[in-house]
There are 2 protein chains.
Amino acid sequence: MHVAIPLYPRFTALDAVGPYTVLAFAPGWRVTFVAPETGPVLDDRGSLSLTATTRLADLPHPDVILVPGGPGTLDALSDPALVGWIGAAHEHARWTTSVCSGSFLLGAAGVLRGRRATTHWGWLDQLAAFGAEPVSERVVTDGTVVTAAGVSAGIDMALTLLAEAADTATAQAVQLAIEYDPLPPFGAGSPKTAPAGLAERALSLIG
Amino acid sequence: MHVAIPLYPRFTALDAVGPYTVLAFAPGWRVTFVAPETGPVLDDRGSLSLTATTRLADLPHPDVILVPGGPGTLDALSDPALVGWIGAAHEHARWTTSVCSGSFLLGAAGVLRGRRATTHWGWLDQLAAFGAEPVSERVVTDGTVVTAAGVSAGIDMALTLLAEAADTATAQAVQLAIEYDPLPPFGAGSPKTAPAGLAERALSLIG
């Protein structure tokens, strides 16, 4: 199974690297970072560069598309090379997936019309502009399209996808290999459970 | 607060990028990827390169040291530039931390002698060779030394560290920003809860 993760300036690193690590540990799976041109791509903090090793044009038909989110999504929405690649690759892909605001790029490519989908809690309602039905769940599967909530949700999505695409035992073996037995020190990871007033402060960290 | 994450060949990407994302989202925190020489460093899967932007020698006194693990740790243990840098930087650092087998590099640098520490479940006992007391917990704090269990545990460690180094509300705001409200589809993330027989299969995925 060949997974392509498209990178664009100001993506959020964990959106890409969480599911990357899950899927790259799976036996027989291969993950390639792609971009309009090869080379390092700078993240949203300006302090991490991941290398795109393959041009979008040179990997038109991956089995799985995994689009990370990040503050750079807004600019990326008007990049015809990236959005066009997503739309065309989706026609052939077995799964088309996103993390966080990566779902807006799926939306711009026309992939979400009439589908249930999710994104970061901060802008979930905006998915409706792409013809999607916004769903407040951590991982949403609608046919071959799988979308995840904000940033860290890509890890849960990748395990869900791996169980579906391979089998449960493979996903569990990867989960154990990466010791994914999460124990956050606080229960503040969702606006439903976070202390009052924290949402504005959290959103101010992202931009 | 300035965090240095040293990279070496065949590190595990999520070990570095999980805590990176947490700490780089914190206001006033800066994270720099360092290595003996600048440039891209290839991970354990051979398909991801993170760029080291600063030479170890040019960042001798970070506030926080965060050492990722990975199959490359064994070779890195005999790299005097890296191990020497960890030991010397630790003398000045406010916190010295590791994820997964990164703790072996702390051990080689003499940082763990007489301290409680943890690492990936697969080789926890081996920490004793460095004079540490192995502890089967997700995040272990002993004075200014904080160690995390395998791969994904670095996210929990970084939130714990941030709460201690800044304050609880800052850590909670970052947790909400990255929507870290984990919901793994299986309970297989620890050998204590995984189905029988999965440990060997999980370890075979790592090497």
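Residue numbers start from 1 in every chain, and the chains themselves are labelled A, B, ... in the order their sequence lines are given, proteins ahead of strands. Values below: every heavy atom of this structure, side chains too, minus hydrogens, waters and symmetry copies.
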Problem set entry | Which portion of A:I5 sits near chain B, non-hydrogen atoms under 4.5 angstrom | neither

Problem set entry | B:L176 CG to A:H120 NE2 distance, which is reported to the nearest 0.5 Å | 7.0 Å

Problem set entry | Closest non-hydrogen atom pair, B:R45 against A:F25 | NH2-CE2, 3.2 Å

Exercise. So which heavy atom on A:L205 is nearest to which on B:P27, and how close?
Worked result: CD2-CD, 3.6 Å

For this session: Between chain A and each of B:A13, B:S49, B:A188, count heavy-atom pairs under 4.5 Å; write down the option with the most.
Result: B:A188

Problem set entry | Under 3.5 Å donor-acceptor, A:Q172 side chain and B:L198 backbone | no

Exercise. Who wins among A:G189, A:A163, A:G187 for the most heavy-atom pairs under 4.5 Å with chain B?
Worked result: A:G189

Exercise. Given a strict heavy-atom distance threshold of 4.5 Å, which part of B:A52 is in contact with chain A: side chain, backbone, both, or neither?
Worked result: neither

For this session: Decide yes or no for B:P184 and A:P182: does some side-chain heavy atom of the first lie under 4.5 Å from some side-chain heavy atom of the second?
Result: yes

For this session: Let me know if A:L203 has heavy atoms under 4.5 Å from chain B in its side chain, its backbone, both or neither.
Result: neither

Exercise. Quick one: of A:D44, A:T32, A:V22, A:D43, who has the most non-hydrogen atom pairs under 4.5 Å with chain B?
Worked result: A:D43

Exercise. Can you name the one residue among A:V17, A:L50, A:T51 that meets side chain to side chain contact (heavy atoms under 4.5 Å, CB included) with B:L50?
Worked result: A:L50

Problem set entry | Heavy atoms of other groups near A:R201 CZ, more than 12 under 6.0 Å | yes

Seminar exercise, completed: One option among A:I206, A:L48, A:T21, A:T160 has the most heavy-atom pairs under 4.5 Å with chain B, and it is A:L48

Exercise. Given B:Y20 and A:S47, is the side-chain hydrogen bond (donor to acceptor under 3.5 Å, both in side chains) satisfied, shown in steps?
Worked result: CA-CA 10 Å; B:Y20 160 80; A:S47 47; 2.9 Å; yes

For this session: Could you walk me through whether A:R138 and B:D181 pass the side chain to side chain contact (heavy atoms under 4.5 Å, CB included) test, one step at a time?
Result: CA-CA 8 Å; A:R138 192 144 175 93; B:D181 183 31; 4.0 Å; yes

Problem set entry | Atom group of B:T170 that falls short of 4.5 Å from chain A, counting heavy atoms | both

Exercise. Contact part of A:A16 toward chain B, heavy-atom cut-off under 4.5 Å: side chain, backbone, both or neither?
Worked result: neither

Exercise. Given the rule in the side chain to side chain contact (heavy atoms under 4.5 Å, CB included) test, do B:E179 and A:V151 qualify, once you have shown the distances and angles that lead to the verdict?
Worked result: CA-CA 6 Å; B:E179 202 163 349; A:V151 190; 5.8 Å; no

Problem set entry | Segment of A:P191 engaging chain B (4.5 angstrom heavy-atom cut-off) | both

Exercise. Where on B:A194 is there a heavy atom nearer than 4.5 Å to chain A: the side chain, the backbone, both, or neither?
Worked result: side chain

